[in-house]
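Notes to accompany the following structure.
Residue numbering restarts at 1 for every chain, and letters A, B, ... go by the order of the sequence lines.
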Amino acid sequence: MTTLETPSRVHATLVTDRRELAPGVVLLGLDAPELAASTLPGQFVMAVPPSGEAAATALGVYEAEARRASLLFFVTGKRTRELSELHVGERLDLVGPLGNGFDLQSSPRRVAIVAGGVGIASVLLPAQALIRAGSRVTLLYGARTSSLLVEAERFADAGCEVALATDDGTAGYHGYVTDLLERSHNHDLILACGPSPMLRAVARVAAQIGVRAQLSLEETFACGVGGCWGCVVPIARTSAQAPSFPPEPAGGSDAVNARICKEGPVFWSDELRW
Amino acid sequence: MTTLETPSRVHATLVTDRRELAPGVVLLGLDAPELAASTLPGQFVMAVPPSGEAAATALGVYEAEARRASLLFFVTGKRTRELSELHVGERLDLVGPLGNGFDLQSSPRRVAIVAGGVGIASVLLPAQALIRAGSRVTLLYGARTSSLLVEAERFADAGCEVALATDDGTAGYHGYVTDLLERSHNHDLILACGPSPMLRAVARVAAQIGVRAQLSLEETFACGVGGCWGCVVPIARTSAQAPSFPPEPAGGSDAVNARICKEGPVFWSDELRW
Amino acid sequence: MVETQPSLAVTIGKLELPYPTLMGSGCYGSGKEFVQFANLRKIGAVVLKSVTRLPRMGNATPRLVHTPAGMLNAIGLQNPGIDWYLEHEVPKYARLPWRVVGSVAGFSIDDYAYVSERLAARDEIAAIELNISCPNVASEGETFACDPHLTSKVVRTCRGLTDKTLIVKLSPNVTDIAAIAYEAEAAGADALAVINTVRGMAIDVDTWHPRLGNVTGGLSGPAIRPIAVLAVYEVARVVTIPIIGQGGIETTRDALEFLLAGASAISIGTANFTDPRIPERIVEGLREYLWNRNLSSIDEIVGKANVGFATAHEYEGDEG
Amino acid sequence: MVETQPSLAVTIGKLELPYPTLMGSGCYGSGKEFVQFANLRKIGAVVLKSVTRLPRMGNATPRLVHTPAGMLNAIGLQNPGIDWYLEHEVPKYARLPWRVVGSVAGFSIDDYAYVSERLAARDEIAAIELNISCPNVASEGETFACDPHLTSKVVRTCRGLTDKTLIVKLSPNVTDIAAIAYEAEAAGADALAVINTVRGMAIDVDTWHPRLGNVTGGLSGPAIRPIAVLAVYEVARVVTIPIIGQGGIETTRDALEFLLAGASAISIGTANFTDPRIPERIVEGLREYLWNRNLSSIDEIVGKANVGFATAHEYEGDEG
Ligand SMILES: Cc1cc2nc3c(=O)[nH]c(=O)nc-3n(C[C@H](O)[C@H](O)[C@H](O)COP(=O)(O)OP(=O)(O)OC[C@H]3O[C@@H](n4cnc5c(N)ncnc54)[C@H](O)[C@@H]3O)c2cc1C
Ligand SMILES: Cc1cc2nc3c(=O)[nH]c(=O)nc-3n(C[C@H](O)[C@H](O)[C@H](O)COP(=O)(O)OP(=O)(O)OC[C@H]3O[C@@H](n4cnc5c(N)ncnc54)[C@H](O)[C@@H]3O)c2cc1C
Ligand SMILES: Cc1cc2nc3c(=O)[nH]c(=O)nc-3n(C[C@H](O)[C@H](O)[C@H](O)COP(=O)(O)O)c2cc1C
Ligand SMILES: Cc1cc2nc3c(=O)[nH]c(=O)nc-3n(C[C@H](O)[C@H](O)[C@H](O)COP(=O)(O)O)c2cc1C
Ligand code: FES
Ligand code: FES
């Protein structure tokens, strides 16, 4: 029988630090002890809008250390604008941690992490965890232009090899970050987070070079907790993440919709049927 | 033929100072030279919401001196909350000055100004103008409780006699400010701004004591410039402020709807047909 | 204590609820999804996601778009179909510490009858809501709630198949919702859910494509509250059965608007996506409101602002 | 310059406008009210406040309530009546540097005929808009736009009385707006204004009274934009005449949504109450958008996102 303790995964946090990493790119540090202690690499939170006048916003947990957790986000609309206007000392309520993060149990020797744009926000925790566990981690990091390649040093300091790519050639390789992945060698595992065209390319390249990839997907969320089926992606029925669903009568597709917020946001690229 | 010079009455102003006069009562000082120079006592502005995500808010012009104009408002909802969150140096666009202010041409010797709550925001300019013109001005100022009697000293410094009243007796007379008006003597003119129950009482008392009163009315506004007829009040056809409108066939009512934002917000109490 | 505290309990048909707050169908799963985020001791009931006769994969993505003060959704009734649902899902609702109401959707009278009968037969299900108003299935799906005659037929049919409380969920996308409501009551509905989402769409001006995979969707959230309050107000004037008001309820004041308009209970959907603590805040707020006014129960405010309609001032001889 | 700059000019029936932006009826007076606050060189036209046969004092106050991302209004068609209007108001519109469109409201076919004929006869009036969709008069006022047959009759009658461009303004408060639109075109309308306000209400939970003097009102502003975009999208699929899209347009992106859905021009109402500079910003924004995409005119984007409707994925045998 489901027990009803007081909701344990809604956290009243306080803004401890705030930095504008680039125009429209904000890093919010929060005093959030339970969240920092309980977040697994690749999990996300739903940020309750301070005004109460919008849906909560799904954001990855960028850093989580001791009492401090942080969010790194791009201002793309009303909700992220509101979050970007928070000042130090103000309150931000977070629901989470949510979803299933990256699966790092295979203790891989060499890992390529591919990040595109805001995708960088969800890959610091897995990078740190892998390095702590003795993996060699290469960050392949792409963005439209150099100014948007935020926090690259942070990953270098954490012990990653870092290779950059920009669409306009203003920094690193002139072209897509997935080209770098194509040229990379003997990785045992690929982790990726970024815009879906990039993720699809990663899936293709991963298949080519014969390395399994975990992709952190993005979709517009409503509930963020598996209650509304608004954020689905088709995956193989055979996937461990596949929710139970009756087969098609004529046995057509082997795909079933999984909720990105609940079964994901991280999926094995070779199990996606998108 | 109507000429089309660039819109002359929309002002981009900057917040120069901000004070919380009481919980939920804010005074915003603005660098607004044209507005400060052109505002007549009793006129108002429409404040464009900084977020762009609401209707503009009608606010009286509290102070207007040299380059500085100020707004004094109570936080009652979404729009005034947004204005209250402006910081020094931030921009606020104002449309105005709007409406017809108080008629001070009769150069009265003794004037009673009755202000209730936020009504105080619209009566400093007329008080100053009257005192400059040699009138003796008594401010009868009422509020729910003492903490909401903001800026009383400001009026004393400006040369007004000040009498206070609170509903709860925490300051001044324990009761309605209109009781003070009832007891007051030989004024030639009454000016009043505040909640409509107060204004109706002022109208009644003014009739009793045989002194004419000008009331600054409040209503929810949309356009604020006379374009939508959303803010009307019935007044006597014979009023100089009455818009032209055909008489009722059976010659019933002698009333016609005037726009508070355009023909008002100030009306002679004996001309109102509310 | 029991003496002094106002009661928030309401009875909807045979359904007795500790609080007048239901969690909107499709927004709250079975409630289990929210256990770690909300206090489910403080809700009236959860209306389950609508289920159909056959399994449905639902619509293409995107299924959600945020709009000013609201959102569009086009889930497309994704569900495993009633047979699988009865076998694998419903058993999980046994012994839940909150009531669950089954929601039934379909594309023919026969669908509604088939699904309602089987679902109502299960002890885990406290009541049945007929969703005859889902705007997100490219089919006749919505025409039931858009046609008084069809509404009457489907309700009468399902009424004959169960004694459990039968709630009929109406669509705002009609010329005269009161006429539909009247038929639903006449056909035997125990209560009405007013309203389902308002049809709408959004277009991506960069790509020139509709922003929803299904092209059109259902608008919910505060944006539609004035539409929903009026719908409740109009329906309350023609029916005697309880109304469950919904559409953009986020605060106690919002809930009170619906109760004062004539709703006996309210439903909270989209607000759970803003902050899962909202349902608890609303019941606390309602209790406080009753307390401050020395009212002993919700019934004392239901419909209290429902004063009928005004007639505009007209000049003599004006036909208006 | 003329060569390179994209053109924003549009033609609606016989009405040629320099910009595709009309100012919504009842929101903008005659335009004179806004001269000191907006750049009227940069608007397409002003649709005047609706006028009726007899004078109307309009509704009791309050007539306005702000709601989430929108507002409710219930003005009640306050106006001096057509005879007075022709004598005292219309002459003021002579020699205005912008076009004005007359708006006609009524309570009978005869009303519409009487007012339209006289108003259309005046040179000051560039075109006629039939407001058969005002939700704020306690009368049959709205039933015209809620009934295809009545719509057809009133439009056909007025069509016979003028050669000037005849715009018919439709209501969203119907089950099937496309059916009404179809009748309006068949009856001779030159263009359709889509949409008028959505019926709604708000209640003051402190006083237990409706917040509008008229009890109910019309919802406008961004809250209704998804409803309006869909209405335009649906209407565009059944008519060939131009559509003037409206409902919550505040930005260039909003305007583009309507154009891409199938509107040939747009109307701006409530946004003028947020910032009177919005109409100018929108025309500048549209010009820039066309320019950046090497498009030479508005026509090149009209209806470009109108791809029809989707069918949801279904399992074999699913009737849905
Ligand atoms: C699991 C998960 C984790 C995430 N983590 C992060 C993170 O760590 N950092 C981060 O920055 N983001 C993250 N996101 C994305 C973030 O949640 C979205 O960007 C969020 O919706 C932004 O909300 P908003 O209201 O600010 O923007 P919205 O208004 O919701 O806009 C979001 C996107 O839609 C586009 N859009 C909005 N309106 C229109 C329109 N009319 N036409 C066309 N396009 C339009 C915007 O351009 C923008 O790209 C994550 C998402 C998921 C699902
Ligand atoms: C000419 C003029 C001059 C003015 N000058 C000033 C001034 O100088 N200073 C000042 O402070 N104000 C002034 N006002 C009043 C001010 O414009 C309004 O208070 C403004 O609407 C506040 O907007 P808001 O969005 O903050 O509050 P809103 O949300 O618009 O609320 C305004 C009022 O409505 C009530 N309300 C809101 N929602 C509900 C609900 N659901 N049920 C019941 N009641 C509700 C609120 O309690 C509040 O009292 C003036 C008004 C006019 C017409
Ligand atoms: C994502 C989502 C899914 C929904 N699914 C259903 C559904 O399956 N059946 C149903 O009857 N209503 C469904 N609804 C409608 C809600 O139950 C509710 O009636 C509507 O959203 C208005 O209330 P709200 O504004 O509080 O959300 C859904 C709404 C949303 C937002
Ligand atoms: C205050 C107000 C008054 C209106 N009066 C009229 C009117 O007299 N006639 C009419 O056809 N539409 C009237 N409308 C509707 C608008 O013209 C417009 O169609 C509607 O508000 C939707 O557009 P918007 O969201 O841009 O305002 C009025 C709207 C408002 C807000
Ligand atoms: S957002 Fe609700 S199920 Fe994922
Ligand atoms: S608010 Fe529009 S006329 Fe006064």
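- Judged by distance alone, with hydrogens and angles left aside, the side-chain atoms of C/His66 form a donor-acceptor pair with the main-chain N or O of A/Phe221 at under 3.5 Å.
- For the pair C/Arg63 (side chain) and A/Val232 (backbone), a donor-acceptor distance under 3.5 Å is absent.
- Interface residue C/Tyr28: only backbone heavy atoms are found under 4.5 Å from chain A.
- With a 4.5 angstrom heavy-atom cutoff, A/Leu94 does not touch chain C via any of its atoms.
- Using a 4.5 Å cut-off between heavy atoms, C/Pro276 touches chain A through its side chain atoms alone.
- Taking both residues in full, the closest heavy atoms of A/Asn257 and C/Met57 are given as ND2-O, 2.9 Å, listed atom of the first, atom of the second, then distance.
- When all heavy atoms of A/Thr220 and C/Leu64 are compared, the pair lying nearest together is O-CD1, 3.4 Å.
- Only the backbone of A/Ala54 comes within contact range of chain C, with at least one heavy atom under 4.5 Å from a heavy atom of that chain.
- To the nearest 0.5 Å, atom OG1 of residue C/Thr61 and atom CG of residue A/Leu217 are 10.5 Å apart.
- Summarising the geometry, atom CZ belonging to A/Arg259 is positioned 9.0 Å from atom CD belonging to C/Gln78; distances are rounded to the nearest 0.5 Å.
- Only the side chain of C/Glu250 comes within less than 4.5 Å of a heavy atom in chain A; its backbone stays farther off.
- With a 4.5 Å cut-off on non-hydrogen atoms, C/Asn79 touches chain A through its backbone but not through its side chain.
- Side-chain contact between A/Cys228 and C/Phe273: present, with at least one pair of heavy atoms (C-beta onward) separated by less than 4.5 Å.
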